[in-house]
Amino acid sequence: MTVGSRYAYYPGCSLLSGAREYDHSVRAVFAHLGIELVDLEDWSCCGAVHADVHNPDAAVLLPARNLALAEAQGLDRVVAPCSGCYRNLRRAGKKVAGDKQVRSMVNDHLAGARAEGHALQLTTDVEVLHPLYVLLEEFGLDRLAQEVSHPLYGLRVASYYGCMLTRPKDVFDSTERPVGMDELVAVLGGEVVDYPMKAKCCGGAMAISHADVTARLTGNVLVSARDAGADIVTLACPMCHTALDAYQSKAERLMGQALDLPVLYFTQLVGLALGLDPASLGFSRHLVSPHEQLARVGF
Amino acid sequence: MSTDAAVSSTFLAEVLETEGGRLVLQCYQCGTCSGSCPVIDEMEYGPRRMLHMIQAGMETEVLTSRDMWRCVSCYSCANRCPRGIEITDLMADLRRMAGEKGYAHDKEAEFGQAFMQTVQTHGRLFEPELMVRYYLRVLDVAGLLKMVPLGLRMLAKGKLPFLPERVSEPREIAAMEVVDTTQIKIASGVSLTGRGVEGDRIRQRRDPGQLTLGVLGLIGTALVALLLGLLARGSPKGMAPAAGRGLQHFIRGRLG
């Protein structure tokens, strides 16, 4: 990657509501590192896990509309920080790139959705990346190490990968024992905590309809991290964050034990290590306060 | 492999037509999927037995099961399947088939409907409207009350938005036929499906009591949606966010 790389930025719905601290910290870290994010104008929902239940074409169309927006802005790479959006956009991009019939289905729908001459079209191949992989694969950990001015010495960090960051199988990391976020934490000076549940599901998808299921799966993940000696958990998905942070009190009641594990987005940790102002990284927005743990290691 | 001899039921043929189900006849019942499933305890059969039942053409048993509605889309099963069956995508296909045939009565089915309706209205998600739509559909007062303390804490942290974000032309999303508008579902009692697997098959299930509640629910949802829409369009710039901050401050004070 060269300095001045440009990516279209697709925040997704969560990053404008529950996960604004993720949005702010991604933008702050990328700006500090000289990676340009261009806001995708007029982006729409990716369909989450619900679109294909209603109409299999919608599961391609909804994300593909956003890829067409990137094309309209002259960009061929999209960064999507929500693991669910990342997976949906990336999957749609691959389907369109690999199947002419899918591409014409998408373009027919886009052509019919706006007045003639103004319709979006997806004629190029747009690659979709998660910001974690932009840092790991495109920016590179060696370069990132040189930028670390405030190492996270003394902070025991359990990386939580969840599901859609690594599954279905892609080129970036192991689906069973992923290591990318751990390598990042090590470069930031944090102590890597390995634990059995790091790639198991938090149940975030059921958080409203079957909240007890979410509390149980989340409890299993948090207890596993706690037992391995973690001070905090870090992750890369707003759905997982809602489960591990907001549902932590439900999980504590269900598991019958106090957990008190702050849950931070990986970009918040990167921001700290880069010396960005902690006040700009949104640490007061979490339901489980990280302030005590951060103060203990000098932040 | 040849499937002609093995495809003995219409249901199996329908599943084989779906993207997730095209390889179901490859299953040799090793059970890796059920052994990998984090919600196996919540299921009636689990993925291994569901696959067997699909092979055996047991349509009613499969589509009335709660199993696909408990699937958390973690892709553990599909990732480990030695036969390459896309079991997670199959679960989504089974959800769709259950909906089309009037079997979808799980709360998660209602959540999915509420989600897509919200997205169709704004082009993006708007959580408060999603919650209103969902709780009106399921009429789950106990569940709603259990969510109130968490909802207030999230509100105090600024994690729930007061106004919807919209795409410039939400009708563009609707025009893409993202939501099957011929499918009208009212609460969980009635399901009118105009576009089934075979095109125009229509199935109806009615329950007068739930129909009344459902109609009331829909009217309530429409009023709330209208109110939110008016707020989004009509309020002078800055006023509604300021009111939101005031409310947030008030709640934070109350929670200490």
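Residue numbers begin at 1 in each chain, while the letters A, B, ... track the order of the sequences. FYI, side chains are in, hydrogens and waters are out, and symmetry mates aren't considered; it's all heavy atoms of this structure.
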Problem set entry | Derivation and outcome, side-chain contact (heavy atoms from CB on, under 4.5 Å), residues Q120(B) and H54(A) | CA-CA 12 Å; Q120(B) 190 185 26; H54(A) 291 258; over 6 Å; no

For this session: Check the pair M206(A) / F111(B) against side-chain contact (heavy atoms from CB on, under 4.5 Å), numbers first and verdict last.
Result: CA-CA 9 Å; M206(A) 301 265 135; F111(B) 184 78; over 6 Å; no

Side chain, backbone, both or neither: which part of [X] has a heavy atom under 4.5 Å from chain B?
X       : value
E41(A)  : neither
L287(A) : both
L217(A) : side chain
S249(A) : side chain

Can you say whether [X] sits under 4.5 Å from chain A via the side chain, the backbone, both, or neither, judging by heavy atoms?
X       : value
L125(B) : both
R70(B)  : both
E127(B) : side chain
D140(B) : neither
M131(B) : side chain
E86(B)  : neither

Look up atom [atom1] in [X] and atom [atom2] in [Y], then write down how far apart they are to the nearest 0.5 Å.
X       : Y       : atom1 : atom2 : answer
N79(B)  : E176(A) : CG    : CD    : 5.0 Å
S209(A) : W69(B)  : OG    : CH2   : 10.0 Å
M147(B) : I208(A) : CE    : CD1   : 4.0 Å
T175(A) : R80(B)  : OG1   : CZ    : 8.0 Å
S17(A)  : F126(B) : OG    : CZ    : 9.5 Å

For this session: For each of C74(B), C71(B), S36(B), G123(B), tally heavy-atom pairs with chain A at distances under 4.5 Å, and name the one with the top tally.
Result: C74(B)

Seminar exercise, completed: Assert top hit (heavy-atom pairs under 4.5 Å, partner chain A, pool V72(B), V167(B), L94(B)) equals V167(B)

Exercise. Hey, is the main chain of W43(A) close enough, under 3.5 Å, to the side chain of R124(B) for a donor-acceptor pair?
Worked result: yes

Exercise. Passes side-chain contact (heavy atoms from CB on, under 4.5 Å), E165(B) versus C13(A)? Steps please.
Worked result: CA-CA 8 Å; E165(B) 287 271 343; C13(A) 306; over 6 Å; no

Exercise. Got a sec: does the NZ of K146(B) have more than 12 other heavy atoms crowding it under 6.0 Å?
Worked result: no

Problem set entry | CZ (R114(A)) with more than 12 external heavy atoms under 6.0 Å | yes

